[in-house]
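Structure first, then comments.
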Amino acid sequence: MAQPDDMFGDDDYPAYTMGRAAEITGASPDFLRRLDEAKLITPSRSAGGHRRYSRYQLRLAARAREMVDQGTALEAACRIIILEDQLEEALRHNQDNQR
């Protein structure tokens with residue numbers, strides 16, 4: 001199991017509460033819930049059932065908020081971000097296989 005100090009450097013560690021995530025991304029808690037419903041991000045849950053977000057999820061949420069603010073429909077923004085993320089992962093996988 002990772003030590004607490006090690007987790008702070010982990011982009012996938014669910015360190016942020018919904019309130020803090022909303023503050024960091026400039027989005028409302030409702031917007032973050034809608035991203036969960038749209039399957040863009042699925043926050044972890046604390047023992048008490050509260051949503052917890054990782055830095056990686058916050059980057060996706062901030063990108064979605066930016067796109068929605070520019071006039072892109074939420075569902076379309078989420079789909080674009082998912083496809084961009086999949087493409088980035090595939091390119092990374094291909095580079096690793098070429099080494």
Evaluation steps, side chain to side chain contact (heavy atoms under 4.5 Å, CB included), between Arg33 and Met18: CA-CA 9 Å; Arg33 284 186 209 93; Met18 178 178 279; 3.8 Å; yes
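- Looking only at side-chain heavy atoms (C-beta outward), Thr25 and Phe31 stay at 4.5 Å or farther from each other.
- Qualifying side-chain hydrogen bond (donor to acceptor under 3.5 Å, both in side chains) partners for Asp36, counting only residues two or more places apart in sequence or in other chains: none.
- Partners of Arg20 according to the salt bridge (Lys or Arg N to Asp or Glu O under 4.0 Å) rule, which considers only residues two or more places apart in sequence or in another chain, are Glu23.
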For a quick test of your reading: what N or O donor-acceptor pairs under 3.5 Å do the side chains of residues 41-48 make, sequence neighbours left out?
from	atom 1	to	atom 2	distance (Å)
Arg45	NH1	Gly49	O	2.8
Ser46	OG	Gly48	N	3.3
Ser46	OG	Gly49	N	3.4
Ser46	OG	His50	N	3.0

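- For the atom pair CG (Leu35) and CG (Asp30), the distance works out to 9.5 Å, reported to the nearest 0.5 Å.
- Note that CG of Leu40 and CZ of Arg63 are 11.0 Å apart. Values are rounded to the nearest 0.5 Å.
- With sequence neighbours left out, the side chain to side chain contact (heavy atoms under 4.5 Å, CB included) criterion links Leu87 to Leu91.
- Partners of Asp12 under the side chain to side chain contact (heavy atoms under 4.5 Å, CB included) rule, at least two apart in sequence or in another chain, are Asp10, Tyr56.
- For the pair Gln98 (side chain) and Gln95 (backbone), a donor-acceptor distance under 3.5 Å is absent.
- Put simply, the side chain of Arg59 reaches to within 4.5 Å of the side chain of Asp11, judged on heavy atoms.
- Residues Tyr13 and Tyr53 do not share a hydrophobic cluster, defined by chaining ILVMFWY side chains whose heavy atoms lie under 4.5 Å apart.
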Exercise answer: donor-acceptor pairs, residues 69-82 side-chain atoms, under 3.5 Å, sequence neighbours excluded:
from	atom 1	to	atom 2	distance (Å)
Asp69	OD2	Arg65	NH1	2.7
Thr72	OG1	Met67	O	3.4

Side chain to side chain contact (heavy atoms under 4.5 Å, CB included) between Tyr16 and Arg55, worked out: CA-CA 8 Å; Tyr16 302 94; Arg55 285 189 295 202; 3.5 Å; yes
